[in-house]
Each structure stands twice: as C-alpha cells, then as structure tokens.
There are 2 protein chains.
Amino acid sequence: MDRIKTMKAAARPIRRATLHHSAVEELRAMILDGELPPGSRVPEVQLCEQLGISRTPLREALRVLSSEGLVELRPHRGAVVAPVDANEIGAIFEVMDALERLAGTLACRNGSDAEFAKLDRMHGQLVTQHEAGERAAYFLTNRQIHAQIVAMARNPALEATYAGFAAKILRARSLANYDTGRWQESVDEHEGFMKAFRRRDAEEAGALLADHSRRTAVAVIQALRQPAEPEEGTAAGTEPANAG
Amino acid sequence: MDRIKTMKAAARPIRRATLHHSAVEELRAMILDGELPPGSRVPEVQLCEQLGISRTPLREALRVLSSEGLVELRPHRGAVVAPVDANEIGAIFEVMDALERLAGTLACRNGSDAEFAKLDRMHGQLVTQHEAGERAAYFLTNRQIHAQIVAMARNPALEATYAGFAAKILRARSLANYDTGRWQESVDEHEGFMKAFRRRDAEEAGALLADHSRRTAVAVIQALRQPAEPEEGTAAGTEPANAG
DNA sequence: GATTATAATATTGTATACAATTTGGCACGA
DNA sequence: TCGTGCCAAATTGTATACAATATTATAATC
C-alpha cells in the first residue's frame with residue numbers, strides 16, 4: 001500500500017530495512033502465493049521462528065496486513081488469513097470496474113507517447129504468448145499491462161487502491177484456478193481496448209476496460225463458486241496459470 | 001478501515017477492547033480534528049503518556065495509520081502526520097468522483113424503499129439547515145447523506161474505500177476552511193441528484209453525484225492552494241464549518 | 001570564521017518478560 | 001447421555017529492557 005509512496009521518493013538512500021516492513025512483504029507474498037491458505041490460523045510464535053524475528057515486528061506486520069484486508073484479527077483469539085468469499089470478490093470487482101474505467105480514461109489523457117509505444121509492445125508480447133500457449137508468461141504480461149495503464153493515469157491514489165484490490169483478486173484467481181474458456185475472449189478484449197488506446201479515445205478505452213473487468217469478474221466468480229479442482233503440483237509456490 | 005468488517009459480524013459479544021485498536025481510533029480522531037496538524041512529528045513517548053499506554057500498542061497503531069495513509073513512517077526517524085498536498089487531494093478526488101458515481105448507481109439498484117424514504121428525510125433536514133444557516137449541522141448532515149448513499153450501494157469494498165478517502169478529504173477541508181460561495185451551489189446539486197434518486201434513475205444519479213464530487217473538488221483544491229485564513233477560535237476541536 | 005570530524009544525547013527498532021483472556025478438558029450433577 | 005461449571009494450558013495483549021540508528025552539540029582543523 002505504501003509502495004507507491006516509497007517509489008515516489010526519488011533518492012532512497014541505500015537500504016530500507018526494518019524487520020516489520022520486511023515481515024509485511026514476506027507475509028503478503030506468502031498469502032498471495034497461497035502458502036498461507038485463506039482461513040488458516042496464523043500462530044505468532046511459529047511464524048516468528050520461521051521468519052527468524054521476534055513477536056514485536058511480526059505483530060506490527062499483522063496489523064498492517066489487517067488494515068489491507070488480507071488477514072482478520074480477532075481480539076485475544078489470534079489472526080486468520082482472510083477467507084476468499086465470492087460475495088466479497090464480487091463487491092471488489094464492482095469497484096474494480098470503476099477503477100479500470102478511470103485508469104483507461106486518465107491514461108489516454110496523461111500517458112506519454114513513449115508509454116503508449118511501450119504499451120503496444122507489451123500487447124504484442126501478450127498476443128505472442130497467447131499464440132504460443134505460454135500461460136504463466138501470458139498471465140504475468142497481462143498483469144504488467146494493466147499495471148502500466150494504471151501508472152499512465154498519473155494518479156497515486158488510484159494506483160495504491162488498484163494495487164490493493166488487484167492483490168485480493170489475484171488470490172481469488174489462484175484459488176479458483178479458472179481460465180480455460182476465457183483465454184481467447186480475454187485476448188480479444190485486450191485487442192479492443194488497445195485499438196481505443198491507439199486512437200487516444202479516453203471514453204471508449206475506459207468503457208472497454210471496465211467491460212473487460214466485468215467479464216473477468218463473471219468468469220472468476222463462477223469458477224470460485226464451483227468446487228476447485230485438485231491441483232497436480234505442490235500446493236505452495238505454483239505459478240498461477242489462468243488467463244486475465 | 002475495518003469498521004465495515006466488524007459491522008458485518010452480526011454477534012459482536014460485549015466489548016471490543018484492545019489498546020492498540022483504541023489507539024488507532026484515538027489517533028485517527030486527533031489527526032482528523034486537526035489536533036495533530038499535518039507535517040507535525042509524532043514522538044512516541046510523549047503520545048504514550050498522553051494516551052496512558054505503552055509504546056507497543058501505540059506503535060502498532062501508527063503502523064495501521066500509515067497503511068491508511070494518515071501518517072508517514074520514516075525508518076529510524078520517527079513518524080509524521082501525513083501532509084495535505086493539493087496534488088494528492090486532487091488525485092484522491094479523481095478516484096472519489098468514480099466512487100460517488102458507482103455509489104449512486106448501485107444505490108438505485110440495491111437501496112430499499114425505506115432507505116430512499118430515509119434519504120429523502122435527511123435531504124429535507126439538509127435544506128432546512130441550509131435555510132437556517134446552521135453550517136456545522138448542515139455539514140454533518142451532508143456527510144451522513146453521502147454515507148447513507150454509499151451504504152445503500154450494498155458494497156463493503158466500496159464502503160471501506162470510500163471511508164478512507166472521505167477521511168483524507170475531510171482533513172483537507174478543515175484545513176482549507178473553504179466554503180462561502182459554494183454553499184448554495186452545493187444544495188442545488190443535492191436537489192438535483194435527489195430528483196434522480198426519486199426516479200430511481202441510476203445512470204443520472206451516478207452522473208450527478210460524480211459531478212457534485214468534481215465541483216466540490218475544484219472548490220476544495222482552490223481553497224487549499226490559497227493561504228488559509230487564520231482561525232478565530234481555538235485551533236483544536238473546532239467544528240469544521242464548510243459546506244459540501 | 002567556516003567546515004568537518006567526533007562524541008554525547010535522544011529517539012526509534014527489537015527482544016523478552018509479564019499479565020490477561022480464551023480454549024480445551026475434566027469432573028460433577030441433572 | 002447431555003449440560004454446566006471449573007481448572008489448566010496455551011495464546012494473545014501489554015509493558016519494559018536492551019540495541020541500533022539518527023540528531024545535535026562540541027571541538028579541532030583549514
């Protein structure tokens with residue numbers, strides 16, 4: 001959440017090391033990777049020795065993650081990784097649609113030509129990866145494209161809010177393990193809003209991005225409501241292989 | 001930020017008391033009331049004895065407020081109350097416009113007749129308070145109306161995000177001490193979107209709310225860029241008297 | 001006199017010890 | 001057999017003590 005702010009500070013001296021800050025990033029990664037599954041309890045002492053730190057910075061990290069909505073704190077009863085609820089994800093997507101639209105509109109207004117050129121290159125890469133069937137790479141490029149669009153909006157508040165919701169949605173995606181039917185459709189939608197971007201059509205780009213988000217929401221929530229298929233590989237650390 | 005979540009939990013036993021949680025609310029109120037002015041340093045020990053708690057819960061509270069963007073943490077250099085930057089407020093309002101639009105649209109779709117009736121009563125109260133020149137009361141009712149609209153949207157994610165931004169905007173408002181020319185205009189805009197609400201016209205209501213937010217943004221930012229007039233009363237605890 | 005190096009002070013970051021609350025089990029009784 | 005009350009263990013919440021870093025003051029040098 002405060003990653004934006006630190007990036008904005010141009011001269012970050014040498015290191016940015018406080019244990020609780022590292023703990024936040026570490027725990028957030030563990031939650032997003034599914035290493036700490038939703039609903040699982042988070043015993044403090046166990047995590048402490050696992051991370052090699054004391055309880056004090058760990059607890060500070062848990063408070064931050066609670067504020068981000070990734071864990072829930074129950075007084076005197078410990079912390080649990082926030083469960084992924086289909087209704088909540090639906091609500092998040094409703095807001096996300098509006099944010100995507102705003103990002104698209106502002107990106108047209110504020111993005112530089114160099115950035116639009118870069119966006120075009122990324123889109124080309126996306127198409128290539130789709131044709132080659134490289135799902136993991138496609139998925140990563142997809143996220144980078146959307147992040148690039150948000151960055152082009154030149155709005156730190158939007159960027160931070162977007163990042164928070166994107167994280168929760170990412171978690172839902174990797175859980176739902178959805179994708180198959182949606183891949184081709186998603187690429188087509190990307191093609192659509194890229195055309196609008198090339199014309200710098202702010203309204204159209206925003207509308208298409210919002211629509212893209214809405215359709216993604218339908219697919220994710222549908223997959224989320226169905227029993228998740230058992231994964232083949234190891235549970236922790238598997239690359240999410242779903243299409244945006 | 002997590003107020004929503006706790007409200008969602010139907011049966012909250014009896015008390016909800018942890019010192020760090022109380023400290024968060026206390027500090028947040030102090031910041032929003034201007035008791036801790038933007039840019040001021042936040043020495044831990046001093047606040048500890050002021051709140052009658054130890055450093056541990058206070059520090060946890062500071063981490064949460066940092067995650068909310070109300071304070072900035074500089075490693076080994078202490079915490080400062082986040083300064084109110086006109087550019088940042090402008091960015092926040094850009095997002096707020098989109099959220100207001102979304103709230104208006106969803107409220108039309110999901111609000112109950114009883115809620116719309118209540119909204120109507122609140123609006124009547126607003127008009128009365130405007131005519132009577134009761135600024136502080138008007139300002140409170142104004143906030144309650146917008147909160148009511150957001151609540152009618154039935155979207156916890158929207159509600160939480162909205163609350164976070166509203167807090168920062170509130171802080172900017174009380175600092176800028178703007179209002180005079182905008183009061184009548186604001187009431188007229190309220191009248192406008194209330195008409196749309198009575199027709200349950202989701203698109204129109206959302207559009208008018210977004211426009212209302214945008215116009216408020218212009219007034220606030222303009223006031224923020226001008227040197228704030230010296231206040232008459234005491235600096236801390238004065239009721240903000242600006243119009244929405 | 002200005003500037004830089006150095007040391008003293010103060011403040012923050014972390015670890016550990018203690019207090020409070022919840023949870024699970026067990027005995028007791030209906 | 002089920003329910004209630006109580007006790008013990010475990011875990012969380014808080015306070016304090018210690019370590020590390022930054023800030024300020026002082027002094028030495030140019």
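Quick note: numbers below take in every heavy atom, side chains included, and nothing from hydrogens, waters or symmetry partners.
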Asker: What is the distance, rounded to the nearest whole Å, between atom CZ of A:R74 and atom P of D:dT11?
Answerer: 13 Å
Asker: Extract all donor-acceptor atom pairs below 3.5 Å that involve side chains of residues 100-107 of chain A and protein atoms in other chains or at least two apart in sequence.
Answerer:
| from | atom 1 | to | atom 2 | distance (Å) |
| --- | --- | --- | --- | --- |
| A:E100 | OE2 | A:Y162 | OH | 2.9 |
| A:T105 | OG1 | A:R101 | O | 3.0 |

Asker: Whole angstroms only, please: what is the CD-C1' distance between A:E60 and C:dA15?
Answerer: 12 Å
Asker: Pick the closest DNA chain C nucleotide for A:H76 and for A:L19 by heavy atoms, then say which residue is nearer the 5' end.
Answerer: A:L19
Asker: Would you say A:S174's side chain and A:L170's backbone share a donor-acceptor pair under 3.5 angstrom?
Answerer: yes
Asker: Taking side-chain hydrogen bond (donor to acceptor under 3.5 Å, both in side chains) as the cut-off, I'd like each qualifying pair that reaches into residues 74-83 of chain B, sequence neighbours left out, listed once.
Answerer: none
Asker: Below 4.0 angstrom, which residues in residues 37-56 of chain B have at least one non-hydrogen atom near DNA chain C?
Answerer: B:R41, B:V42, B:P43, B:E44, B:R55
Asker: Quick one: bend of the helix from C:dG1-D:dC30 to C:dA30-D:dT1 from 5 pairs per end, to 10°?
Answerer: 10°
Asker: Between D:dT14, D:dT23, C:dT22, which nucleotide has the shortest distance from any of its atoms to the side chain of B:R77?
Answerer: D:dT23
Asker: In Å and rounded to the nearest 0.5 Å, what is the CD1 to CG distance from A:I89 to A:L175?
Answerer: 9.0 Å
Asker: Which whole-number value in Å describes the distance from A:L62 CG to D:dT12 P?
Answerer: 9 Å
Asker: Mark yes or no for whether B:N110, through its side chain, and B:M152, through its backbone, hold a donor-acceptor pair below 3.5 Å.
Answerer: no
Asker: Side-chain N or O of A:R59 versus OP1/OP2 of C:dT16: is the shortest distance under 4.0 Å?
Answerer: no
Asker: Could you work out, with side-chain hydrogen bond (donor to acceptor under 3.5 Å, both in side chains) as the rule, every residue matching B:E115, not counting sequence neighbours?
Answerer: B:S112, B:R154
Asker: Is there a donor-acceptor contact under 3.5 Å from the side chain of A:T161 to the main chain of A:A157?
Answerer: yes
Asker: Does B:H20 place a side-chain N or O at less than 4.0 Å from the phosphate oxygens OP1/OP2 of D:dT14?
Answerer: yes
Asker: Nearest whole Å is fine: how far is C:dT16 C1' from A:L58 CG?
Answerer: 15 Å
Asker: Taking side-chain hydrogen bond (donor to acceptor under 3.5 Å, both in side chains) as the definition, give me every residue that meets it alongside A:R41, ordered by chain and number, with sequence neighbours left out.
Answerer: none
Asker: If I take atom NZ from residue B:K168 and atom CE from residue B:M96, how far apart are they, to the nearest 0.5 angstrom?
Answerer: 11.5 Å
